[in-house]
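Notes follow the structure.
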Amino acid sequence: MANPLKYTYPSPLAGFEDAPPLSDEKNEDGKSFVNPKREQLSEAYSRFTDPLDNGRRGGFDIHIYYFQSNKEQAQYARELWERIRREFPELRIYTFWDRPIGPHPVAMFEVNVFTPAQFGAFVAWLAVWRGPLSALIHPNTIPEDGVSSAESGYRDHSQRAIWMGERLPLDYSIFARSS
């Protein structure tokens, strides 16, 4: 399994090393800063940043969890799954599981997004409509040279993960078995 102490982090300022200093000028609200103008929007609006997968796999998986023994949650999750399939037919929506599977500790279903626009639209929508359910949002990164798929998957599901609602403990041992 990947050792988080060995993770490296390139400088977030890569590509801006020679940029002029930022201004301390404030906007009309008196709180936020006036940012430097750019000729065009960041590429991150139209394409996931590397090393996220911009291909067939999709940039992010969203796992939506429910307690399978809780009838109200199971019903809500089933209705949410159906609504997502109707509201977002362009997304990839997987099986509605009625039991834990993989590293996931309770029943769930999964949704994949392929573009930053889909991510923004779906995650914002899910913030309102997820109700009592929790969601794990994790990137699908292309492993760096010398890093196994299992190590990359572990990091995607742990260090790079985003949670909505209650964070559930995942069974990371699946990543150790597949390295």
Side-chain angles (χ1 to χ4, degrees), residues 1-19 38 40-66 77 80-81 84-85 88-127 130 133-179:
M1 195 171 322
N3 180 347
L5 298 176
K6 293 184 179 180
Y7 294 159
T8 60
Y9 305 93
S11 171
L13 290 175
F16 291 91
E17 295 89 346
D18 298 324
R38 289 187 59 150
Q40 59 194 30
L41 288 174
S42 168
E43 190 178 273
Y45 283 102
S46 59
R47 181 180 190 287
F48 287 125
T49 189
D50 290 335
L52 296 176
D53 193 329
N54 282 284
R56 182 168 150 39
R57 185 173 172 210
F60 284 84
D61 292 350
I62 297 104
H63 300 273
I64 301 166
Y65 298 104
Y66 69 96
L80 182 63
W81 178 79
I84 292 168
R85 291 187 63 202
F88 298 95
E90 67 282 2
L91 303 182
R92 187 165 44 210
I93 297 111
Y94 288 92
T95 301
F96 186 86
W97 294 100
D98 62 356
R99 66 187 186 288
I101 184 160
H104 310 288
V106 296
M108 61 96 190
F109 63 94
E110 177 182 346
V111 177
N112 297 148
V113 296
F114 302 94
T115 68
Q118 289 176 348
F119 180 92
F122 182 68
V123 171
W125 181 90
L126 190 62
R130 72 174 175 78
L133 311 179
S134 290
L136 163 65
I137 304 163
H138 73 78
N140 293 317
T141 58
I142 297 170
E144 304 163 44
D145 288 340
V147 175
S148 71
S149 294
E151 286 180 87
S152 187
Y154 169 73
R155 188 173 184 189
D156 289 349
H157 283 77
S158 60
Q159 189 257 340
R160 291 180 168 148
I162 302 164
W163 283 90
M164 295 174 96
E166 183 181 342
R167 184 179 189 145
L168 302 176
L170 301 183
D171 179 2
Y172 296 119
S173 68
I174 191 170
F175 299 109
R177 289 193 301 267
S178 58
S179 16

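Quick caveat: nothing in here was measured; it's all calculated off a predicted structure. Position 1 is the first residue of the sequence; numbering continues from there.
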Between [X] and [Y], is any pair of side-chain heavy atoms under 4.5 Å apart?
X      : Y      : answer
His138 : Arg160 : no
Phe60  : Asn140 : no
Tyr154 : Ile174 : no
Ile64  : Trp81  : no

Under 6.0 Å between the ring centres of Phe175 and His157?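 Aromatic pair counts; centres sit under 6.0 Å.
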
State the [atom1]-[atom2] distance between [X] and [Y], to the nearest 0.5 angstrom.
X      : Y      : atom1 : atom2 : result
Ser134 : Met108 : OG    : CE    : 13.5 Å
Glu90  : Phe122 : CD    : CZ    : 10.0 Å
Leu168 : Asp171 : CG    : CG    : 13.0 Å

Taking side-chain contact (heavy atoms from CB on, under 4.5 Å) as the test, write out the residues that go with Pro116, two or more places apart. Phe48

[X] side-chain N/O to [Y] backbone N/O, donor-acceptor pair under 3.5 Å:
X      : Y      : value
Ser152 : Ser148 : no
Glu151 : Ser149 : no
Arg38  : Leu41  : no
Ser42  : Ala44  : yes
Thr141 : Pro143 : no

With Phe114 via ring-ring contact (aromatic ring centres under 6.0 Å, His included) - residues at least two apart: none

With sequence neighbours left out, write down each residue that passes ring-ring contact (aromatic ring centres under 6.0 Å, His included) with Tyr66, or none if nothing qualifies.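 For Tyr66 the ring-ring contact (aromatic ring centres under 6.0 Å, His included) partners, ignoring immediate neighbours, are Phe96.
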
Can you tell me how the ring of Phe88 sits relative to the ring of Trp125, calling it parallel under 30°, perpendicular over 60° and tilted otherwise?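 Phe88 and Trp125: perpendicular rings.
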
Could you point out which residue of Leu126, Leu91, Ile137, Val123 forms a side chain to side chain contact (heavy atoms under 4.5 Å, CB included) with Val111?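 For Val111, the side chain to side chain contact (heavy atoms under 4.5 Å, CB included) test succeeds with only one of Leu126, Leu91, Ile137, Val123, which is Leu91.
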
In residues 98-107, what donor-acceptor pairs under 3.5 Å come from side-chain atoms, sequence neighbours left out?
| unit_1 | atom_1 | unit_2 | atom_2 | d |
| --- | --- | --- | --- | --- |
| His104 | ND1 | Tyr65 | OH | 2.6 |

Return the minimal non-hydrogen interatomic distance between Pro139 and Leu52, and the atom names on each side.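 Pro139 and Leu52 have their closest heavy atoms at CB-CD2, 3.2 Å.
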
Where do Asp50 and Arg47 come nearest, in terms of heavy atoms and distance?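 Result for this residue pair: OD1-NH1, 3.5 Å.
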
Qualifying side-chain hydrogen bond (donor to acceptor under 3.5 Å, both in side chains) pairs, either residue in residues 105-121, two or more places apart: Asp61-Asn112, Arg92-Asn112, Tyr94-Asn112, Glu110-Asn112

Take Leu136 and Trp163 through the test side chain to side chain contact (heavy atoms under 4.5 Å, CB included) and record every step on the way to the result. CA-CA 5 Å; Leu136 163 65; Trp163 283 90; 3.8 Å; yes

Selection residues 137-149 - residue pairs positive for salt bridge (charged side-chain N to carboxylate O under 4.0 Å, His left out), sequence neighbours left out: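 Every pair satisfying salt bridge (charged side-chain N to carboxylate O under 4.0 Å, His left out) with a residue in residues 137-149: Glu144-Arg155.
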
